[in-house]
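A quick write-up on the structure given underneath.
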Amino acid sequence: MRRVLMRDPIFIFCFVIVTGLLLMSVGNTVFRDGNVDQTLMLYSDEGRLIGIPPLEPSKYQWLGTDNAGYDLFQMLVEGFKWTVSICAIVALGRMVIGLFIGIPLAFRGARLNGFFKTILDGFLILPISLLALMMLAATLIFGDPTQITPLFERVKLELIVLIMLGLPAVTLYLITEIRQLLQQEFMIVAQTLGGGVWHRVRLHLLPHLIPTLVIVFMQQFVQTLMLLIHLSLFGIFFGGTVILYEGVMPTIYEWSSMFGYYFKQFTAMTWMTNHMFLVPAIALASLIFIFNLLTSRLERAFRLRRQESVVTEIHIAQSEAAAASLDNPFSLVNTSVSLKNEPDDIV
């Protein structure tokens, strides 16, 4: 699979973009202490005032500035690590907790699994965006800037809520996948030979679950990002929302929070300054598109690996059948497996 991904230009292109942005974001925090340039007034070389915020995109500010004069490009770079880290932690938390719950349940009887499936199915029809709004609105909206709780407490609370809201769907999906693997022949043979539950999970189940877990992680990453966007449109920014006289504002630079913040400004402004809203909107759309591309290329790599293993088993079976049908059992048989004559990879 690694060989397939290393030869996939689409996967390499998307991976380089994400890695490059992440390194730039971390570098801005390490070398510039996370600061973003602010331009309150723009002067020409002759000292003449030529512009005030919001400034349009130029060679000095590639994406322009917002109303406070902050450089939008630097804000995107600084906030990228927040967006990626939040989505990755939530997706990984859902997957790990779902495994700890799903593996023991999958080994239980069908009656117990049916009972839990009935309970978990009830959570799937609930809109998690509205549930998150009701659970976070009372704790993350601050009318007084002096009463804001520490950032760690706010982030911890929101991460726990986001993980728990998506946990039923992930757990139910993993239980279904694990029970399908338990019905495979190699798992039945391992049980027949006396393999314990931990032995079967460690040596047989987890290696076959890796492709599923990778795809689930990527899907939950995108779903978490969409949930953050929905919350930002309701005025719930990640890390907290501060209500000021001129409106609401986020407490940290984060892409979905920037999207909701500038969206509220965009509805009350003219079309001449809509670049402030379009910058995070286009950035979020591009990020979702890139991760969807990465997911599709990973699915393709896993599919090709399964096809290679199937073709290998077919060639070995044919070679063994040919050896069994020889008149002279001591004659040599070519058992080498070659995939050159197989159909081209599916793109």
Side-chain angles (χ1 to χ4, degrees), residues 83-137 139-140 155-184 201 205-234 236 238 254-256 284-285 287-299 302-303:
T83 303
V84 173
S85 300
I86 293 164
C87 297
I89 291 173
V90 173
L92 186 62
R94 292 176 180 177
M95 190 175 63
V96 172
I97 299 176
L99 273 179
F100 277 104
I101 298 175
I103 290 178
L105 289 178
F107 278 88
R108 299 298 178 181
R111 179 177 300 179
L112 182 61
N113 278 276
F115 172 74
F116 277 96
K117 184 177 184 299
T118 303
I119 297 177
L120 296 178
D121 280 340
F123 290 94
L124 301 182
I125 62 174
L126 298 176
I128 60 175
S129 298
L130 295 180
L131 290 177
L133 175 63
M134 292 185 293
M135 298 174 67
L136 297 174
T139 56
L140 292 182
V155 170
K156 180 179 67 174
L157 173 64
E158 190 162 359
L159 288 177
I160 292 175
V161 171
L162 295 179
I163 290 174
M164 297 306 296
L165 287 177
L167 189 59
V170 175
T171 303
L172 186 60
Y173 178 76
L174 290 178
I175 290 176
T176 304
E177 291 294 321
I178 294 172
R179 287 188 64 84
Q180 290 180 357
L181 286 175
L182 292 178
Q183 297 174 1
Q184 299 296 320
V201 170
L205 188 61
L206 289 180
H208 286 82
L209 270 180
I210 290 178
T212 300
L213 295 178
V214 172
I215 301 303
V216 168
F217 174 83
M218 300 297 289
Q219 292 174 346
Q220 291 301 310
F221 184 99
V222 175
Q223 186 190 59
T224 303
L225 183 57
M226 295 297 298
L227 179 58
L228 292 176
I229 294 174
H230 294 165
L231 289 176
S232 69
L233 293 178
F234 288 114
I236 307 297
F238 187 85
E254 193 268 322
W255 284 19
S256 63
L284 286 170
L287 183 62
I288 293 173
F289 177 72
I290 287 175
F291 271 87
N292 284 334
L293 271 182
L294 288 174
T295 304
S296 66
R297 306 317 285 182
L298 287 170
E299 289 178 341
F302 288 131
R303 184 171 63 251

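Here Phe221 pairs with Phe291 under the ring-ring contact (aromatic ring centres under 6.0 Å, His included) rule; sequence neighbours left out. By the side-chain hydrogen bond (donor to acceptor under 3.5 Å, both in side chains) test, Thr224 is found to be paired with no residue, residues two or more places apart in sequence or in another chain being considered. Judged as a side-chain hydrogen bond (donor to acceptor under 3.5 Å, both in side chains), and not counting sequence neighbours, Thr295 has no contacts. Residues forming a side chain to side chain contact (heavy atoms under 4.5 Å, CB included) with Tyr173 (at least two apart in sequence, or on another chain): Glu177, Thr212, Val216. The side-chain hydrogen bond (donor to acceptor under 3.5 Å, both in side chains) test applied to Glu254 returns Thr83, Ser256, Ser257, not counting sequence neighbours.
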Under 3.5 Å, sequence neighbours excluded: what are the donor-acceptor pairs made by side chains of residues 85-104?
unit_1 : atom_1 : unit_2 : atom_2 : d
Ser85  : OG     : Lys81  : O      : 2.5
Arg94  : NE     : Leu162 : O      : 3.1
Arg94  : NH1    : Gln220 : OE1    : 2.6
Arg94  : NH1    : Gln223 : OE1    : 2.8
Arg94  : NH2    : Leu162 : O      : 2.7

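Atom CD1 in Ile236 sits 12.0 Å away from atom CG in Leu228 (nearest 0.5 Å). Put simply, CD1 on Ile160 and CE on Met135 are 10.0 Å apart, with the number rounded to the nearest 0.5 Å. Rounding to the nearest 0.5 Å places CG of Leu298 at 5.5 Å from CE of Met218. Atoms CD1 and CG, on Ile128 and Leu227 in that order, are 5.0 Å from each other to the nearest 0.5 Å. Note: Glu299 CD to Ile215 CD1 = 4.5 Å, rounded to the nearest 0.5 Å.
Side-chain contact between Thr139 and Val161: absent, with no pair of heavy atoms (C-beta onward) separated by less than 4.5 Å. Side-chain atoms of Val155 and Phe238, non-hydrogen and from C-beta on, do get closer than 4.5 Å to each other.
The shortest heavy-atom contact between Leu231 and Ala132 is CD2-CB, 3.8 Å.
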task = Evaluate the criterion side chain to side chain contact (heavy atoms under 4.5 Å, CB included) for residue pair Leu213 and Leu174; output intermediate values, then yes/no.
result = CA-CA 9 Å; Leu213 295 178; Leu174 290 178; 3.9 Å; yes
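For the pair Thr171 (side chain) and Pro168 (backbone), a donor-acceptor distance under 3.5 Å is absent.
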